[in-house]
Amino acid sequence: MSLVVREMAESEVDLIIDYFHASPPDHLELIGVDRERLPKREDWRAYYEVVFRQPLERRETLLLTWLDDERPVGFSSADKIVFGQHAHMHLHVTAADQRRRGLGGEAVRRSVELYFEQLRLKRLFCEPHAFNAAPNRTLRSAGFRYLKTHITVPGPLNFRQPVTRWVISRPAKLDS
Ligand SMILES: CC(C)(COP(=O)(O)OP(=O)(O)OC[C@H]1O[C@@H](n2cnc3c(N)ncnc32)[C@H](O)[C@@H]1OP(=O)(O)O)[C@@H](O)C(=O)NCCC(=O)NCCS
């Protein structure tokens, strides 16, 4: 494994768009996403065009690419960003056969560091579907603390579902 986690280039956003549009129904169900709520590909690209022009201090979403041996294998995004305060993160290894090999766990640790640095965060949250074991296990392993389980519509792509809320605080080493 030769993992790199870095900010996503605008030319790479199809990694996200294709992943959601190509996901089979059982996968969307597992991750709590409603296919009907996915933006059309061209509308989604147009939205990201706007986002990439926003300064970091006012970004609606910050996207990261996960690469293994220089090939994109996944991505993370942060949204609900209050710069200097907090944000929510998402985590996806895009190819099913690349999951459960240790990639996601390490990629999440590195993504967390990048979000804390770039967005000057104090806290970072993640709210996966409560029945989706993989992200829940991964977050715990990466140092997130479990807060609660509740029912909500966690984002614009999601249906109403039980989610577990996890949080990680800014490491002291970044404060100096
Ligand atoms: C969540 C995800 C990014 C984790 O990445 P990964 O490469 O599969 O995870 P790793 O191999 O690093 O494993 C991390 C931990 O999760 C556990 N895990 C991974 N897949 C699992 C599964 N399907 N069922 C139960 N546990 C699982 C591992 O055993 C490991 O646990 P440990 O650290 O306690 O030993 C990846 O599984 C994924 O993309 N899943 C589909 C998308 C998704 O569910 N995203 C979350 C939406 S909110």
Side-chain angles (χ1 to χ4, degrees), residues 1-8 12-39 44 48 60-81 86-116 119 121 123-168 171:
M1 183 169 84
S2 166
L3 181 70
V4 170
V5 174
R6 58 152 171 76
E7 252 185 76
M8 186 175 283
E12 294 174 321
V13 297
D14 279 350
L15 180 66
I16 301 177
I17 297 169
D18 290 343
Y19 164 72
F20 283 108
H21 275 282
S23 282
D26 60 336
H27 186 67
L28 291 181
E29 176 82 22
L30 178 73
I31 63 176
V33 167
D34 180 352
R35 184 179 298 284
E36 297 299 315
R37 299 188 192 200
L38 295 181
W44 212 338
Y48 283 140
E60 282 170 47
T61 180
L62 182 62
L63 311 176
L64 307 179
T65 305
W66 299 348
L67 303 112
D68 187 23
D69 289 330
E70 298 178 9
R71 282 181 312 114
V73 289
F75 66 90
S76 175
S77 59
D79 58 15
K80 302 183 184 173
I81 299 169
H86 49 81
H88 279 61
M89 77 170 283
H90 306 272
L91 53 151
H92 297 274
V93 171
T94 46
D97 63 358
Q98 298 295 313
R99 293 182 193 134
R100 238 177 164 167
R101 293 173 46 226
L103 265 175
E106 184 53 29
V108 165
R109 281 183 201 95
R110 296 200 204 171
S111 300
V112 167
E113 280 188 22
L114 267 173
Y115 290 136
F116 276 121
L119 300 171
L121 302 177
R123 280 168 301 146
L124 182 61
F125 295 93
C126 187
E127 282 198 329
H129 194 303
F131 302 156
N132 186 359
N136 283 290
R137 287 277 298 269
T138 303
L139 292 164
R140 182 186 296 277
S141 274
F144 280 73
R145 183 165 53 88
Y146 170 80
L147 288 178
K148 67 173 183 175
T149 302
H150 65 126
I151 295 180
T152 187
V153 179
L157 307 183
N158 300 113
F159 51 80
R160 190 171 155 80
Q161 60 196 269
V163 300
T164 43
R165 179 178 292 175
W166 296 83
V167 68
I168 190 165

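These numbers come from the heavy atoms of this one structure, side chains and all, not from hydrogens, waters or symmetry mates. Every number for a ligand or one of its atoms is a count from 1 in the order of the listing.
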Main-chain N/O of Ser77 paired with Tyr115 side-chain donor or acceptor, under 3.5 Å: yes
Check: Arg37 side chain, Asn158 main-chain N or O, donor-acceptor pair, under 3.5 Å: yes
Proximity of His90 and Phe75 rings by center, below 6.0 Å: no
Aromatic plane relationship, Tyr48 with Trp44 - under 30° parallel, 30 to 60° tilted, over 60° perpendicular: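 If you compare the ring of Trp44 with that of Tyr48, the planes turn out parallel.
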Set of residues that line ligand 1, where lining means a heavy atom lies under 4.0 Å from it: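 Residue list for ligand 1: Tyr19, His27, Ile31, Leu91, His92, Val93, Arg99, Arg100, Arg101, Gly102, Leu103, Gly104, Gly105, Pro128, Asn132, Ala133, Ala134, Pro135, Arg137, Thr138, Ser141.
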Given Val4, Leu91, Leu15, the one that forms side-chain contact (heavy atoms from CB on, under 4.5 Å) with Trp66: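 Testing Trp66 for a side-chain contact (heavy atoms from CB on, under 4.5 Å) against Val4, Leu91, Leu15 leaves exactly one candidate, Leu91.
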Separation of Leu114 CG from Leu121 CG (nearest 0.5 Å):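 That separation rounds to 11.0 Å.
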